[in-house]
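Everything below concerns the one structure shown next.
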Amino acid sequence: GAGVSQSPSNKVTEKGKDVELRCDPISGHTALYWYRQRLGQGLEFLIYFQGNSAPDKSGLPSDRFSAERTGESVSTLTIQRTQQEDSAVYLCASSLRREAHEQYFGPGTRLTVT
Amino acid sequence: DAKTTQPPSMDCAEGRAANLPCNHSTISGNEYVYWYRQIHSQGPQYIIHGLKNNETNEMASLIITEDRKSSTLILPHATLRDTAVYYCIVRVANYGQNFVFGPGTRLSVLP
């Protein structure tokens with residue numbers, strides 16, 4: 001079946017602009033995660049959605065970052081007034097339920113802020 | 001805070017077994033050991049997980065010491081396509097916590 005998809009695959013934006021990144025999880029997966037990966041570094045947790053529960057936003061680095069998810073479907077990550085340090089690959093993952101051992105990752109969106 | 005310690009890099013000859021170590025000396029009784037890998041320019045991929053017992057699947061074997069303070073991921077016959085960064089993670093499963101990915105081990109499989 002279809003895996004996790006993300007769009008766009010690449011995004012170049014000017015400093016100060018807002019960007020919106022999209023994640024389509026695997027159908028039926030109730031848990032959805034966003035991570036950030038700077039060049040040459042490990043993954044950094046950003047936010048977690050589980051069904052209709054309040055999201056865990058503990059990893060968001062600043063109030064310029066926000067994310068939404070409608071039910072158990074698509075999620076969007078929005079970065080306002082982008083800064084150069086926001087340049088990274090943004091990865092989305094979904095899992096069947098919150099207790100699931102396996103997270104399925106999308107290919108990521110490479111964001112470059114010039 | 002990182003809960004695991006891995007060597008930054010390792011080499012392995014193609015066709016030989018790759019043994020990737022991980023230390024997790026502060027692991028709690030309800031924390032699982034997970035291994036993921038990330039091939040260049042792709043998202044991470046689940047490999048295997050375990051709690052106490054050794055585990056094997058079509059990709060790899062996971063050997064966990066009796067005191068659970070360390071583990072080893074074994075790729076029995078490494079191929080060039082196994083070149084990747086391998087992440088060892090400990091996590092409590094039943095609360096849906098996010099995975100904390102450290103820097104991992106960069107495995108280079110050499111021809």
Side-chain angles (χ1 to χ4, degrees), chain A residues 2-7 9-10 21 23-26 29-60 67 72 88-110, chain B residues 1-9 20 22 30-53 55-60 62 64 71 73 84-108:
Chain A
V4 177
S5 61
Q6 294 186 244
S7 61
S9 55
N10 281 284
L21 312 180
C23 172
D24 285 84
I26 293 172
H29 281 196
T30 64
L32 186 148
Y33 303 77
W34 282 98
Y35 296 86
R36 177 171 72 179
Q37 187 172 32
R38 291 194 168 114
L39 186 64
Q41 299 186 20
L43 276 71
E44 186 185 354
F45 166 73
L46 297 177
I47 188 168
Y48 158 61
F49 294 90
Q50 171 59 50
N52 294 317
S53 302
D56 175 358
K57 303 180 181 180
S58 60
L60 294 178
E72 297 180 357
V89 175
Y90 290 82
L91 290 154
C92 174
S94 71
S95 62
L96 189 59
R97 58 189 184 281
R98 69 176 188 175
E99 303 88 358
H101 293 294
E102 185 171 355
Q103 289 188 2
Y104 296 82
F105 282 81
T109 294
R110 180 175 299 278
Chain B
D1 292 335
K3 294 184 176 182
T4 64
T5 305
Q6 298 178 252
S9 63
L20 291 91
C22 180
N30 61 349
E31 286 183 312
Y32 288 76
V33 179
Y34 295 83
W35 284 83
Y36 278 72
R37 74 179 181 183
Q38 187 173 25
I39 295 170
H40 183 63
S41 298
Q42 298 181 22
Q45 175 192 23
Y46 167 85
I47 302 173
I48 199 167
H49 77 276
L51 184 62
K52 297 179 185 176
N53 300 322
E55 302 288 345
T56 295
N57 63 20
E58 65 279 4
M59 289 183 68
L62 173 60
I64 303 174
S71 61
L73 178 75
V85 177
Y86 287 76
Y87 299 100
C88 171
I89 303 160
V90 296
R91 169 187 181 252
V92 176
N94 56 326
Y95 296 120
Q97 292 177 344
N98 57 286
F99 285 89
V100 177
F101 288 79
T105 295
R106 181 172 297 278
L107 176 68
S108 298

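In what follows, chains are A, B, ... by sequence order, proteins preceding strands, each numbered from 1. From a predicted model like this one, the values you see are computed outputs, not experimental measurements.
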Region of A:Leu91 that comes under 4.5 Å of a non-hydrogen atom in chain B
side chain
Counting only heavy atoms closer than 4.5 Å, note whether A:Gln37 contacts chain B via side chain, backbone, both or neither.
side chain
Keeping to residues at least two apart or across chains, list the salt bridge (Lys or Arg N to Asp or Glu O under 4.0 Å) pairs with something in residues 36-50 of chain B.
B:Arg37-B:Asp82
Using side-chain contact (heavy atoms from CB on, under 4.5 Å), reason through B:Thr4 and B:Val90 one step at a time and then give a plain yes or no.
CA-CA 7 Å; B:Thr4 64; B:Val90 296; 4.0 Å; yes
Measure up the B:His49 and A:His101 rings against each other and bin them: parallel (under 30°), tilted (30 to 60°), perpendicular (over 60°).
parallel
Just checking, is any N or O donor in the side chain of A:Gln103 or A:Tyr35 under 3.5 Å from an acceptor N or O on the other one?
yes
What part of A:Glu102 gets closer than 4.5 Å to chain B, counting heavy atoms only: side chain, backbone, both or neither?
both
